Amino acid sequence: MTITARLQLDPPCEADLEDLHRIYSDARTWTHLPSGRFADLSATRQALTGWLADWREHGLGAWVAREDGAVVGHGGCAVRQGAFWNLGYRFAPEAQGRGLATELARAAVDAARESRPDLPVVAYLLENNPASAAVAGKVGLALRHRGPDAGNPDPSAVRLVFADRELSEEELAATMR
């Protein structure tokens, strides 16, 4: 468990499934990427299986964020392609706009750097999500790449890659998968 000024950050568990589904299935959570919305509980269950595996394999992954005991978000850093820490955050619409994502992201970057400082911390996101880009900047990540978002159903989508250091060609390529 990690405690910030307003959040209790816990590794996810099976009991968090319905709360996570409430967040990940809410269309308001996905205004920047409607195709990312979890359509049913089985999609959330599959994602939860992966999040649990991150914790088992790397000792760190995305947390469940609780404010006053209620699940309000999910996010953190998880190793991807063995090449970088992927910083991600998603909060219930009611919890957005209050700095909670920044609070969680700061704790996640610190935890990733403590766990595996050799790996860069990366946040990749869509250009049409300026709030997420602002969080990445607030926690010390800088824009390292701007280009097409391969595989996105919207061919005009632009991917931004923020990182805590310059990325090698291999590291940048890993963020595009």
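It should be emphasised that the depicted structure is a prediction, and the values quoted were computed from it without experimental measurement. Note that these values count all heavy atoms, side chains included, but never hydrogens, waters or copies made by symmetry.
Between the side chain of D110 and the main chain of A107, no donor-acceptor pair closer than 3.5 Å is present. With D40 contributing its side chain and A43 its backbone, the two residues share a donor-acceptor pair below 3.5 Å. S115 places no side-chain N or O within donor-acceptor distance of the main-chain N or O of A112, the cut-off being under 3.5 Å.
Side-chain contact between D164 and V109: absent, with no pair of heavy atoms (C-beta onward) separated by less than 4.5 Å. Counting heavy atoms from C-beta on, the side chains of R37 and T29 never come closer than 4.5 Å. Taking the side chain as every heavy atom from C-beta outward, W51 and L20 approach each other to under 4.5 Å. The side-chain heavy atoms of T44 and S25, taken from C-beta on, include no pair separated by under 4.5 Å. Between F84 and E171 there is no side-chain heavy-atom pair separated by less than 4.5 Å. Side-chain contact between L87 and W85 is absent, with no heavy atoms from C-beta onward closer than 4.5 Å.
The CG atom of L104 sits 6.5 Å away from atom CG of L7, with the distance rounded to the nearest 0.5 Å. Remark: L41 CG to R22 CZ distance equals 13.0 Å, nearest 0.5 Å. Atom-to-atom distance recorded for R146:CZ and E127:CD is 4.0 Å, nearest 0.5 angstrom. Atom CG in N128 sits 8.0 Å away from atom CG in D154 (nearest 0.5 Å). We find the CD-CZ distance between E114 and R116 to be 14.0 Å, quoted to the nearest 0.5 Å. In this structure, OH in Y124 is found 13.5 Å from CG in L160, a value given to the nearest 0.5 Å.
Looking at residues two or more places apart in sequence or on another chain, you find a side-chain hydrogen bond (donor to acceptor under 3.5 Å, both in side chains) between N152 and D149. For the side-chain hydrogen bond (donor to acceptor under 3.5 Å, both in side chains) test, no residue two or more places apart in sequence or in another chain qualifies with E169.
Both L126 and F38 belong to a single network of hydrophobic side chains, linked directly or stepwise wherever heavy atoms of I, L, V, M, F, W or Y lie under 4.5 Å apart. In this structure, F162 is a member of the same hydrophobic cluster as V158, with clusters built from ILVMFWY side-chain heavy atoms closer than 4.5 Å. W63 and V135 end up in the same hydrophobic cluster when Ile, Leu, Val, Met, Phe, Trp and Tyr side chains are linked at under 4.5 Å. Hydrophobic clustering (ILVMFWY, side-chain heavy atoms < 4.5 Å, transitive): W55 and L119 are in one cluster. One hydrophobic cluster, built from ILVMFWY side chains closer than 4.5 Å, cannot hold both L33 and L125; they sit in different ones.
Cluster partners of I3, by chain and number: M1. The rule joins Ile, Leu, Val, Met, Phe, Trp and Tyr whenever side-chain heavy atoms lie under 4.5 Å apart.
For residues 87-109, the pairs satisfying side chain to side chain donor-acceptor pair (under 3.5 Å) are T4-E103, R6-E103, R28-E94, E67-R98, Y89-S132, with sequence neighbours left out.
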Hey, can you pull the donor-acceptor pairs under 3.5 Å for the side chains in residues 137-145, sequence neighbours left out?
from: R144; atom 1: NE; to: A163; atom 2: O; distance (Å): 3.4
from: R144; atom 1: NE; to: R165; atom 2: O; distance (Å): 3.2
from: R144; atom 1: NH1; to: E166; atom 2: OE2; distance (Å): 2.8

Review item, side-chain donor-acceptor pairs of residues 71-80, under 3.5 Å, at least two apart:
from: H74; atom 1: ND1; to: Y24; atom 2: OH; distance (Å): 2.7
from: R80; atom 1: NH1; to: D54; atom 2: OD1; distance (Å): 3.0
from: R80; atom 1: NH1; to: D54; atom 2: OD2; distance (Å): 3.4
from: R80; atom 1: NH2; to: D54; atom 2: OD2; distance (Å): 3.0

- Determine, stepwise, if the pair H21 / L48 fulfils side-chain contact (heavy atoms from CB on, under 4.5 Å). CA-CA 10 Å; H21 184 67; L48 178 58; over 6 Å; no

